Amino acid sequence: ASTDALMDAAVAEFGSVGVLINNAAIYATIHRAPFAEIDPDEWDRVMAVNVKGTWQCSASAVGRMGEGGRIINIASATVFSGSPHWMHYVASKGAVIGMTRVMAREVGAAGITVNAIAPGFTLTEASLAQMEDAATYGVSSRAIPRASQPHDIVGTALFLASKDAEYITGQTIVVDGGKQFI
């Protein structure tokens, strides 16, 4: 009901849903633990927000999009490298990549594109809350040796939302300063 209300408000204001960016996720409050010790309730909460939330928002938006609609899902580059003691987060973001590919195939004929952005470790408020050395974490392993900032992700989102990206769909773009070469 809340996702439908959100999409209805967008339609009332703008006439349709042009772009949906699925960025909501449980991240900063996750308890890191070996996979065999992850609390099942926490696993369920992470999946409910990171996976089910992306699915529900997309399902609600797609019927309110016309040709040229864009769905942009925020995944994570940790899917490609793994992150010990964070299996629930990594699994949820891997699911987002899989969902991106399925949705792209299902809505492409309607002129809607679906892509994912997989940021590397980025200096957001949530990331800064995760560790004391966040500003230098992973910097030396990047081809561009500096900390990733939120604006580094914004440019990719703006491109994917633009007409210039109308023939790109089902893709995951890693934005991590060259840490992952996949």
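All values below were derived from every heavy atom in this structure, side-chain atoms included, with hydrogens, water molecules and symmetry-related copies excluded. Owing to the predicted nature of the structure, the values given are computational and were not obtained by experimental measurement.
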Using 0.5 Å steps for rounding, measure from the [atom1] atom of [X] to the [atom2] atom of [Y].
| X | Y | atom1 | atom2 | answer |
| --- | --- | --- | --- | --- |
| Phe159 | Ile173 | CZ | CD1 | 6.5 Å |
| Ser76 | Asp176 | OG | CG | 9.5 Å |
| Ile72 | Thr156 | CD1 | OG1 | 9.5 Å |

Can you find a heavy atom in the side chain of [X] that is under 4.5 Å from one in the side chain of [Y]?
| X | Y | value |
| --- | --- | --- |
| Ser148 | Val175 | no |
| Ile26 | Asn50 | yes |
| Pro34 | Met87 | no |
| Met65 | Leu20 | yes |

Are side-chain N/O atoms of [X] and [Y] paired as donor and acceptor at under 3.5 Å?
| X | Y | answer |
| --- | --- | --- |
| Thr54 | Asn73 | no |
| Thr113 | Thr169 | no |
| Asn22 | Ser58 | yes |
| Glu42 | His31 | no |

With sequence neighbours left out, write down each residue that passes side-chain hydrogen bond (donor to acceptor under 3.5 Å, both in side chains) with Glu106, or none if nothing qualifies.
none
Partner set under side-chain hydrogen bond (donor to acceptor under 3.5 Å, both in side chains) for Arg64, not counting sequence neighbours:
Asp8, Ser60
Grab the two heavy atoms, one from Ala95 and one from Val51, that are nearest each other, plus how far apart they are.
CB-CG2, 3.8 Å
Closest non-hydrogen atom pair between Ser92 and Met47, with its separation:
N-CE, 3.7 Å
Checking side-chain contact (heavy atoms from CB on, under 4.5 Å) for the pair Thr172/Phe80: CA distance, chi angles, key distance, verdict?
CA-CA 11 Å; Thr172 299; Phe80 304 107; 4.2 Å; yes
All ring-ring contact (aromatic ring centres under 6.0 Å, His included) counterparts of Tyr137, not counting sequence neighbours
Phe121
So does Arg146 have more than 12 non-hydrogen atoms from other groups sitting under 6.0 Å from CZ?
yes
May I ask you to check whether Tyr27 and Trp86 place their ring centres under 6.0 Å from each other?
yes
